Amino acid sequence: MRIASFNINGIKARLPRLLEWLEETRPAVACLQEIKTQDEGFPAAEFEKIGYHAVWHGQKGFNGVAILADGTTPQVVQQGLPGDPTDDHARYLEVDVFDTRIVNIYLPNGNPQPGPKFDYKLAWMERLRARMQEIMAEEVPAVVLGDYNVIPTDRDVWAPAAMADDALMQPESRDAYMRLLADGWIDAIATHQPGGGVWTFWDYQAGAWQRDHGFRIDHALLSPELADRLKACGVDKEYRGREKASDHAPVWIEIKPAD
DNA sequence: ATGTCATATTTGATATGA
């Protein structure tokens, strides 16, 4: 079973590319970030036509997350990250589907830092950790995947010096990410390719794609039970080079059936 | 070269977020 994540950077602008990717790679579950539409504008009928049922949490102008499943409708467990009633950003959607807990996140970017946006990012990461601890305590097969907006190590960026002041690789951001791993969550891509050099994002600016100036910020964190069933994982890098591409490439994991 | 792109309002131009 393939579970994928794709920050599509606008579902309206990206719909042809998105449908193409779904039909060509046919993930059982697809988690989308930055749909950048209100709930009313979500093109659910387009996905139904090719056999995907969707749940989504939209927001006007930016953010927004959705989960698509092949031939079945995901059951929503939690919409919106718990822990702060004043936070109305659409960045978190947690479902049960195919006997798996699947959590789709669009973690705050945090730039510029320091500042209120960086504070929001760090607070969001602590709230995420609290929720992930609850999920782990449930002992269900679970994956928390999406755009974490964190470059975990210097091996995950084309030039650490070029990004040194960026919120994505500040020590506070990295420490918060490492605490998730310390809690027992397993970074699928990092485990399979510990040498680094795997990118999931290339900026639109400065010819970053052509120069392969990328970094790894889209991650899939597996519960121990699901990690034992990890068959393969990777990045659909080719899609970053297509016409009207997102600035992110899709990330996927392949899970073996439970015994 | 702070070099691109998507969305929205302030709408054929600028602000915001990334």
Side-chain angles (χ1 to χ4, degrees), chain A residues 5-21 31-43 46 56-66 80-81 86-93 104-125 128 145-152 156-170 172-174 176-177 199-219 235 237-251:
Chain A
S5 169
F6 195 178
N7 180 321
I8 52 166
N9 187 17
I11 203 164
K12 292 170 192 166
R14 213 69 63 207
L15 191 59
R17 286 287 88 87
L18 179 56
L19 294 170
E20 185 177 88
W21 168 72
C31 294
L32 309 177
Q33 305 88 36
E34 284 204 89
I35 62 174
K36 294 187 176 179
T37 179
Q38 292 171 286
D39 284 338
E40 309 84 86
F42 187 82
E46 299 297 319
W56 59 94
H57 186 199
Q59 183 175 344
K60 190 176 182 175
F62 69 125
N63 300 331
V65 285
L81 180 62
T86 68
D87 180 10
D88 57 0
H89 284 204
R91 298 179 174 275
Y92 184 98
L93 190 55
N104 180 18
I105 68 163
Y106 175 48
L107 204 147
N109 177 294
N111 282 303
Q113 72 81 29
K117 290 186 176 180
F118 190 57
D119 296 340
Y120 173 65
K121 176 185 192 136
L122 297 179
W124 205 95
M125 292 187 81
L128 177 65
L145 72 168
D147 180 356
Y148 278 74
N149 268 316
V150 174
I151 297 168
D156 301 306
V157 54
W158 66 278
M163 296 288 291
D165 295 329
D166 199 284
L168 277 54
M169 56 175 278
Q170 291 312 296
E172 296 94 328
S173 308
R174 286 180 166 179
Y177 186 79
W199 318 144
T200 68
F201 173 93
W202 296 256
D203 202 285
Y204 288 125
Q205 300 190 62
W209 168 248
Q210 288 75 13
R211 299 174 188 197
D212 201 27
H213 290 179
F215 39 86
R216 188 173 73 97
I217 52 176
D218 300 271
H219 309 303
V235 179
K237 182 174 177 178
E238 176 225 331
Y239 288 84
R240 178 61 181 83
R242 294 197 182 183
E243 287 294 310
K244 293 275 287 176
S246 170
D247 41 6
H248 293 251
V251 172

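In this text, all values refer to a predicted model and were calculated from it rather than measured experimentally. In what follows, every chain begins at residue 1, and chains take the letters A, B, ... in the order their sequences are listed.
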Review point. With the sugar-phosphate defined as primed atoms, P, OP1 and OP2, and the base as all remaining atoms, what B/S/- string results for nucleotides 9-18 of chain B, 5' to 3', for protein heavy atoms under 4.0 Å?
Key: S-------BS

Study note, to complete from the structure: In whole angstroms, the gap separating C1' of B:dC5 from CH2 of A:Trp202 amounts to 17 Å

Revision key, fill the gap. Taken to the nearest whole Å, CG/A:Asp166 to P/B:dT2 is 15 Å

Exercise for review: Quickly work out the A:Met163 CE to B:dT2 P distance and round it to whole Å.
Suggested key: 15 Å

Exercise for review: May I ask you to check if A:Arg242 and A:Tyr239 form a cation-pi contact, with NZ or CZ under 6.0 angstrom from the six-membered ring centre and within 45° of the axis?
Suggested key: yes

Review point. Knowing that exactly one of A:Asp147, A:Leu18, A:Thr200 qualifies, which makes a side-chain contact (heavy atoms from CB on, under 4.5 Å) with A:Phe6?
Key: A:Leu18

Study note, to complete from the structure: A:Ile8 CD1 to B:dA6 P, in whole Å, measures 12 Å

Practice item. Taking atom types as modelled, find out whether A:Tyr204 and A:Asn9 have a side-chain donor-acceptor pair closer than 3.5 angstrom. Key: yes

Review point. Can you tell me if A:Asn111 and A:Lys117 form a side-chain donor-acceptor pair at under 3.5 Å?
Key: no

**Study point:** Distance, P atom - from B:dG3 to B:dA15, rounded to whole angstrom
**Key:** 16 Å

Review point. Taking the C1' atom of each, how far is B:dA6 from B:dT11, in whole Å?
Key: 16 Å

Exercise for review: Determine whether the side chains of A:His213 and A:Arg211 contain a donor N or O and an acceptor N or O closer than 3.5 Å.
Suggested key: no

**Study point:** Rounded distance (Å) that lies between atom C1' of B:dC5 and atom CD of A:Glu243
**Key:** 14 Å

Exercise for review: For nucleotides B:dG17 and B:dT2, find the distance between their C1' atoms and express it as a whole number of Å.
Suggested key: 14 Å

Revision key, fill the gap. Only one of A:Phe62, A:Trp124, A:Tyr106 passes ring-ring contact (aromatic ring centres under 6.0 Å, His included) with A:His89, and that residue is A:Phe62

Exercise for review: Give the ring-plane orientation class for A:His248 versus A:Phe201, where under 30° counts as parallel, over 60° as perpendicular and anything between as tilted.
Suggested key: perpendicular

Point to revise | Interatomic distance where NE2 belongs to A:His213 and P belongs to B:dA1 [whole Å] | key: 17 Å

Review point. Taking CD1 from A:Ile35 and C1' from B:dA8, how many angstroms apart are they, rounded to a whole number?
Key: 16 Å

Check your understanding: Taking atom P in both B:dT16 and B:dT10, what distance in whole Å separates the two?
Key -> 12 Å

Exercise for review: Assign A:Ala13 to base, sugar-phosphate, or nothing according to its heavy-atom contacts below 4.0 angstrom with the strands shown.
Suggested key: sugar-phosphate

